[in-house]
Structures are given as C-alpha cells and as structure tokens.
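Some notes on the structure that comes next.
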Amino acid sequence: MTNRDDREVNGVLGARLLRVVLSRVILTLFTVGFVVGFAVGFTVDVAAQPAGMRPPVLKEVGIDQLLNNQVPPELTFVDETGKSVRLADYFGGKPIVLSLVYYDCPQLCTQVLTGLLGTLKTLPMSPGKDFVALTVSFDPKEKPALAAAKKREYLDRLGKPEAEAGWHFLTGEESQIVALTRAVGFRYVWDPVTSQYAHASGIMVLTPEGRVSRYFYGIEYAPRDLRFGLLDASAGKIGSLADQIILYCYQYDPSRGTYSLVLMRVLRIFAAITLLSIIGLILFLRRQTRKRPSDPNAGKGGSQTSIGYSHMSILPLYLIPFMPESASTFADEVDLFYLALVGLTVVFSVAIAIAATVFMIKYRRKRADEVPQEIEGAMLLEITWTVIPFIISMGIFAWGAKLYYDMYKEPKDALEIFVTGKQWMWRAQHPDGVREINELHLPRGRRVKLTMTSEDVLHSYYIPAFRTKADVVPGRYTMTWFEPTKSGTYHLFCAEYCGTQHSGMIGNVIVMEPNEYQSWLAGGTSEGSPSAAGQKLFASLACSTCHQDQNRGRGPTLTGLFGTEVTLDNGQKVSADEAYIRESILNPRAKIVAGYQPIMPTFQGQVSEEQILQLVSYIKSIGAKQDSQAPAAAAPAPAGMPASGSATSPPMTPPPAAVK
C-alpha cells in the first residue's frame with residue numbers, strides 16, 4: 001500500500017471518530033439540559049405551592065361539629081334487604097352509632113369500618129341490644145346488593161349474632177344522602193382526577209331522638225370513648241349505676257373528640273364516699289357502745305365503767321357522737337377552742353359565699369358591649385380587711401398559747417407515773433411499784449404526771465378523752481400531765497406509726513374513785529417503788545463508791561441534786577433534770593462538772609430505759625439539799641470496786657433507807 005492509500009484510510013477513520021465524539025457530546029448535553037429543566041420546573045412548581053397548602057379538592061372535605069342538631073327523621077333510604085326505610089324507624093329507643101362511608105371505597109372507608117369493628121368487638125355493649133349501628137353509603141350509585149355483602153362480611157368478623165338486627169347498611173338517593181350529611185356536618189366531594197370520593201374519617205353518636213351527641217375522629221375509636229358517648233347520648237337509659245358514676249368522672253372534649261378525666265369530679269366522689277363512711281362508722285360505734293354492758297370488775301368499789309362518747313346538744317343531730325368523752329380538766333377548754341375555730345371558719349365561709357353570690361348577681365354583665373366602671377380602690381376598706389383578720393389571728397394565737405402553756409407546764413404535787421413505750425406495748429409503773437401493760441389506772445380528781453420514754457422507735461401517747469397527746473421519743477424524756485374528772489374506761493392509742501403492728505398498740509385508761517384506786521394498789525402485785533428499785537440498782541452498780549455525802553468521793557454528791565443548777569468545767573450552767581441525769585449515765589463525758597475528772601465509765605447497753613427511770617426516781621427521792629460546792633478530798637476506791645463516780649453524773653449519795 002502506498003503512502004497515499006495510508007492517508008486516505010487515516011482520513012476515513014478520523015472522520016468516523018469525529019462523528020462518534022460529536023454524537024456523544026450532543027447526547028450528553030441533551031441529557032443534562034433535560035435534567036436541569038426538569039429540576040427547575042419541579043422547583044418552581046413546589047415553590048408555587050406552599051408545603052402546608054391543601055390540594056384544592058380537599059378544601060371542601062371535613063367534619064363540622066353540629067352538636068344537638070336534629071337529623072331529619074323523614075329521610076328515606078334502602079336497607080341491605082332492599083326494603084325502603086325511614087330514619088325515624090331507628091329513632092326513639094336506643095342511641096345510634098352513625099358511620100358515613102361508601103362501600104366501593106378502596107382505602108379510607110374500609111379503614112373506618114375496620115376500626116369501628118375492632119371497637120365493637122371489645123365494647124361491653126352490643127348492637128341491637130344496647131344501641132343501633134347505622135352505616136350509610138354517600139354514593140348514590142351503590143345498591144342494596146353491595147350493602148348486603150358488606151354487612152355479611154363485617155358481621156362474620158364481629159362474631160356477635162345479636163348484631164344481625166342491630167347493625168344496618170343503607171343506601172339511598174342523592175337528595176336524601178345530601179340532607180343527612182348536611183345535618184351531621186359531614187362534607188365530601190367527588191374527585192374526577194382519581195375517580196373517587198374525597199372525604200373525612202369519623203363516626204357520630206346520635207341520641208335516641210336523632211340529635212347529634214358526639215363526634216369521634218380518625219379510623220380507630222377507643223372503646224372507652226364510644227361507651228361513654230353512648231351513655232351520654234342515652235341520658236341514663238342504658239348502662240349501670242357504676243357506668244354513670246364513672247361517666248361523671250369524665251368530660252367530652254369536642255376539639256379532640258375524646259373523653260378526658262376530670263380530677264375535680266373524682267375528688268368530689270371520694271369526698272362523698274369518705275363523708276358517708278365517717279357517718280356510718282360513727283353510727284356503728286354508737287350502736288356498739290349502747291350494746292356494750294357495764295364492766296363490774298373495773299373498780300372494786302362497784303363503780304361501772306364504759307367507753308363512751310359525748311355529743312353536741314346544740315344541733316338536732318345531737319344523738320350523733322361528735323367527739324370523745326370529756327374526762328379531764330383540759331378537755332372542755334380544748335373543745336371550746338376547737339369549736340371556736342370551727343365556728344369562725346363557718347361564719348367567714350358563709351359570709352364570703354353570700355357576698356360572692358350577691359356581687360355576681362348585682363354586678364353581672366347586662367350587655368355584651370358593657371364596660372365596667374374603673375375602681376381606684378378604697379383605703380378604709382383595705383385597712384379594715386387587714387386589721388380585723390390580724391386581730392382575730394392574734395387572738396387565736398394568744399388563746400392557743402395559753403392553752404399550750406397550761407398543758408405543758410409541769411404541775412406541783414402531781415402523782416408521777418413512769419411510762420415506757422416499746423413495739424408494740426405500753427408499760428407503766430406506779431410510785432408504789434405496781435406495773436401495768438397496756439392499761440393505766442388513775443385516781444379521779446388528782447393531777448397525774450407521766451414521764452415517758454421509748455426503748456425503740458418513735459411512739460405517741462394519746463388519750464382522746466383527756467385531749468392529751470405527747471410524742472414518746474427514744475433517748476429523751478417527755479412529760480405530760482392531766483387531771484381526770486370522770487370515772488370510767490377510756491381509749492389509749494399510739495398515734496404515731498411505729499411498725500407493722502402499730503394498730504395493735506392500744507389499751508385502756510381506767511379512772512377510779514380515790515378509795516377504789518387505793519384498794520386497787522393494795523391488791524396489786526408490787527415489785528417495790530421505782531425509787532426503791534433505783535436504790536438497789538444504784539448499790540449493785542457500785543455508784544456509792546464515788547458518789548458520797550459531802551462530796552467526799554471522786555464524784556459529786558447526788559443528795560438534793562435534782563432540780564438545781566450544776567456548774568460545768570467550761571463555766572456553763574445546766575439544770576439537773578431527768579434528761580441531764582440520763583445523759584450522765586449513758587454518756588458521762590458529755591457534760592463535766594467543775595472540779596471533777598471525767599473518770600466515770602459509760603453504762604450504755606448495761607441498763608435499760610426502765611432502769612434509767614428507776615435511777616432517776618431514786619435520785620429525786622434522795623434527802624434534803626446539801627451544799628455541793630467544791631469537792632472534798634477524794635477518797636480512793638476500795639480494792640476491786642469500779643470507780644463509778646463521774647463529773648457528768650449528778651451528785652449521788654450512799655443509798656438511804658427506801659422511801660415509799
């Protein structure tokens with residue numbers, strides 16, 4: 001081949017390659033232009049239609065709430081059997097569940113009927129028995145044969161034979177359909193683009209008379225909401241009393257188409273139940289009190305005792321026990337204070353209610369455009385309603401403070417009884433050594449002082465008839481006192497939760513005539529007085545080794561200590577009361593008496609609370625006051641005896657003869 005032939009061949013190949021390259025470039029440019037044009041057009045189209053804008057066809061779709069609107073009873077439809085029926089045929093007896101669909105709907109209507117079917121399955125009511133279910137097609141072209149097929153399908157899935165006569169599938173002419181949908185506020189439209197009806201989803205509940213009562217939206221309906229809607233629509237004709245009570249606790253929310261719990265109504269129901277329970281309990285207790293026979297063994301003198309209640313004779317209902325028996329000198333004053341507070345509350349509550357009612361009527365808005373007159377204020381009125389409540393509150397405070405002071409001021413010459421609380425019992429020890437468990441015998445007309453402590457947890461000693469309650473705290477002493485005024489037997493409670501058997505920590509307080517009380521003491525088993533028991537314990541613990549007369553031991557003397565002021569090594573002065581003595585026994589280094597060394601060992605865990613009370617009683621009973629200034633020369637402890645004296649321990653002396 002010549003060079004010329006080679007050039008011709010190369011020219012042909014070059015031309016062909018050029019055509020291929022050009023065709024590819026043109027195709028690429030066309031594709032890119034098409035994509036860009038489509039994207040721009042799509043963007044413009046999207047920008048032209050806001051995201052939240054509904055399609056034009058849906059503007060006419062929705063459900064307007066027309067509550068209490070009457071559905072025309074004369075409207076005529078055809079049921080699934082081909083029989084012509086009037087809506088009035090379904091009115092008059094039971095509430096109605098109305099669903100508007102069309103049977104050939106490929107999507108939403110099927111979901112509405114399926115949601116209704118699921119609700120009817122779990123609903124404790126049945127179509128035909130408790131209510132009527134009407135499913136009406138809003139497509140005038142649909143015929144009874146299609147309605148019958150739909151009914152058979154859903155009844156088979158429902159599984160309730162009684163629903164055959166209670167769930168009806170209707171078809172009708174366009175004029176009748178339009179009248180029905182307008183009456184219930186159901187708006188729909190034919191969409192020629194999709195060749196389907198555009199419509200909302202929901203069901204309605206009608207009263208037995210055919211008035212719109214409730215709307216429920218969506219494709220699923222809570223059985224509770226539908227049940228409450230039927231109860232509301234029936235106006236009490238269906239459902240039990242319990243259903244009506246539960247319905248009272250809920251309120252229909254039209255904006256959401258659901259029922260919500262109304263807390264205030266629930267509180268009212270429980271308040272009524274509580275009030276009825278209290279009245280029933282009071283009547284029951286009074287009946288039991290009347291039936292209870294007298295106890296001839298309560299006192300040896302033949303007095304009869306019973307646990308009773310007082311009642312207020314100022315009202316016609318004076319036979320209802322209003323409060324416990326009044327059986328102490330404090331009871332009447334406490335009752336008067338309580339009734340004064342109740343009366344004051346009633347007076348102000350009634351006055352405010354009357355004033356509010358009068359003002360609502362007198363100053364109510366009489367016209368929609370009425371503007372009330374502006375009020376600048378009244379200084380005299382503001383001062384009045386500030387000063388008067390202040391005076392009343394200060395009067396209440398002064399009265400209550402005086403009553404509190406009288407109740408907690410320690411009396412003189414009172415009969416002192418030691419009380420120990422323990423899960424779950426009360427132990428009491430009288431001055432003559434007589435002990436009791438869950439009972440307390442007292443003489444009438446004599447002041448009684450209780451010195452109390454707890455061995456485990458917090459308790460509260462409560463005698464309702466005496467209007468007396470005091471906390472009994474571990475590690476400290478509590479004092480309360482009273483003067484019984486009536487013979488009888490009265491309740492004793494622990495008023496502070498103290499464990500699983502707290503309700504069983506109860507007992508009786510038996511008030512006796514003085515001579516009967518002495519006879520009871522003489523007949524009881526005495527283990528010696530608390531002071532005598534404390535004297536023995538004092539000796540057994542070798543306390544007298546250090547606590548001697550005239551401050552001759554290594555610890556201060558205890559004679560005449562109780563009730564005096566003790567000077568500590570830091571210059572502070574404290575009162576030698578029950579708490580001080582207890583602390584000195586259990587924690588000797590807490591308070592060091594001036595002039596003494598902290599050599600006393602602790603007795604924590606070696607003595608019980610009852611034994612501490614006995615030691616306190618013994619120290620109280622020790623003879624007349626002695627001069628307890630500076631200590632004398634300390635005598636050494638005998639060999640083998642522990643040095644029990646302490647600067648923290650109150651001055652103790654060798655045990656004298658037992659004091660009864």
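Under the 3.5 Å distance criterion, the side-chain polar atoms of R589 are matched with a main-chain donor or acceptor of P598. Between the side chain of S328 and the backbone N or O of F482 there is no donor-acceptor pair closer than 3.5 Å. The backbone N or O of K409 sits less than 3.5 Å from a side-chain atom of W481, completing a donor-acceptor pair. A donor-acceptor contact shorter than 3.5 Å is absent between the side chain of N508 and the backbone of E439. Here the side chain of Y497 pairs a donor or acceptor atom with the backbone of G499 at under 3.5 angstrom. T478 places a side-chain N or O within 3.5 Å of a backbone atom of D471 that can act as its donor or acceptor partner. Panel note: side chain T453, backbone T420; no donor-acceptor pair is recorded below 3.5 Å.
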- Task: Show the numbers, then the answer: is there a salt bridge (Lys or Arg N to Asp or Glu O under 4.0 Å) between E578 and K449?
- Result: CA-CA 14 Å; E578 293 93 342; K449 173 188 172 183; 3.6 Å; yes

- Query: Does the pair I392 and F397 meet the rule for a side-chain contact (heavy atoms from CB on, under 4.5 Å), with working shown?
  - Reply: CA-CA 9 Å; I392 293 175; F397 170 77; over 6 Å; no

- Task: Start with the C-alpha distance between R427 and E455, add both sets of side-chain angles, then the distance that settles salt bridge (Lys or Arg N to Asp or Glu O under 4.0 Å), and finish with yes or no.
- Result: CA-CA 11 Å; R427 292 201 302 257; E455 291 189 2; 2.6 Å; yes

- Task: Applying side-chain contact (heavy atoms from CB on, under 4.5 Å), run through K591 and E583 and close with a yes or a no.
- Result: CA-CA 8 Å; K591 294 181 176 69; E583 184 183 38; 2.6 Å; yes

- Query: V509 and L442: side-chain contact (heavy atoms from CB on, under 4.5 Å), yes or no, with the steps?
  - Reply: CA-CA 7 Å; V509 176; L442 302 172; 3.7 Å; yes

- Task: Go through the steps to decide whether R446 and E483 satisfy the test salt bridge (Lys or Arg N to Asp or Glu O under 4.0 Å), and finish with yes or no.
- Result: CA-CA 6 Å; R446 183 174 179 183; E483 182 180 340; over 6 Å; no

- Task: Go through N587 and T602 one step at a time and tell me if the side-chain contact (heavy atoms from CB on, under 4.5 Å) criterion holds.
- Result: CA-CA 6 Å; N587 187 14; T602 178; 5.8 Å; no

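Heavy atoms only, all atoms of each residue included: M512 and W520 are closest at CE-CB, 3.9 Å. Residue S454 comes nearest to D456 through the heavy atom pair OG-N, 3.2 Å, listed as atom of the first residue, atom of the second, then distance. Of all the heavy atoms in A340 and W399, the pair that sits closest is CB-CZ3, 3.6 Å. Residues I581 and I619 share a closest heavy-atom pair of CG2-CD1, 3.6 Å. Taking both residues in full, the closest heavy atoms of T384 and P389 are given as O-CD, 3.9 Å, listed atom of the first, atom of the second, then distance. Closest approach of S326 to A331, counting heavy atoms only: OG-CB, 3.2 Å.
Between Q429 atom CD and I437 atom CD1 the span is 11.5 Å, to the nearest 0.5 Å. Here L341 contributes atom CG and I396 contributes atom CD1; the two are 5.5 Å apart, rounded to the nearest 0.5 Å. In this structure, CE in M407 is found 5.0 Å from OG1 in T468, a value given to the nearest 0.5 Å. Between the CD atom in Q611 and the CD1 atom in I585 there is a gap of 10.0 Å [rounded to 0.5 Å]. Atoms OG and CD, from S460 and E496 in turn, are 6.0 Å apart once rounded to the nearest 0.5 Å. One finds the OG1 atom of T357 at 14.5 Å from the NZ atom of K362 (value rounded to the nearest 0.5 Å).
Between M425 and M505, the closest side-chain pair of non-hydrogen atoms is not below 4.5 Å. Residues Y461 and L440 form a side-chain contact, since some pair of their non-hydrogen atoms from C-beta on lies under 4.5 Å apart. The shortest distance between side-chain heavy atoms of V457 and Q423 falls below 4.5 Å. Between F418 and E416 there is a side-chain heavy-atom pair separated by less than 4.5 Å. When side chains are defined from C-beta on, H547 counts as touching P556, because their heavy atoms get closer than 4.5 Å. Residues Y462 and C494 fail the side-chain proximity criterion, which asks for heavy atoms closer than 4.5 Å. Contact of the V511 side chain with the Y490 side chain is registered, since non-hydrogen atoms from C-beta on lie closer than 4.5 Å. The side-chain heavy atoms of Y477 and I612, taken from C-beta on, include a pair separated by under 4.5 Å.
Atom CG of D413 has 12 or fewer heavy atoms from other residues, nucleotides or ligands within 6.0 Å. In this structure, M379 places its CE atom where only 12 or fewer heavy-atom neighbours from other residues, nucleotides or ligands lie under 6.0 Å away.
When ring centroids are compared, W424 and H459 stay outside the 6.0 Å threshold.
The closest side-chain donor-acceptor pair between S487 and E513 falls under 3.5 angstrom.
No salt bridge links E325 with R467; every basic N to acidic carboxylate O contact stays at or beyond 4.0 Å.
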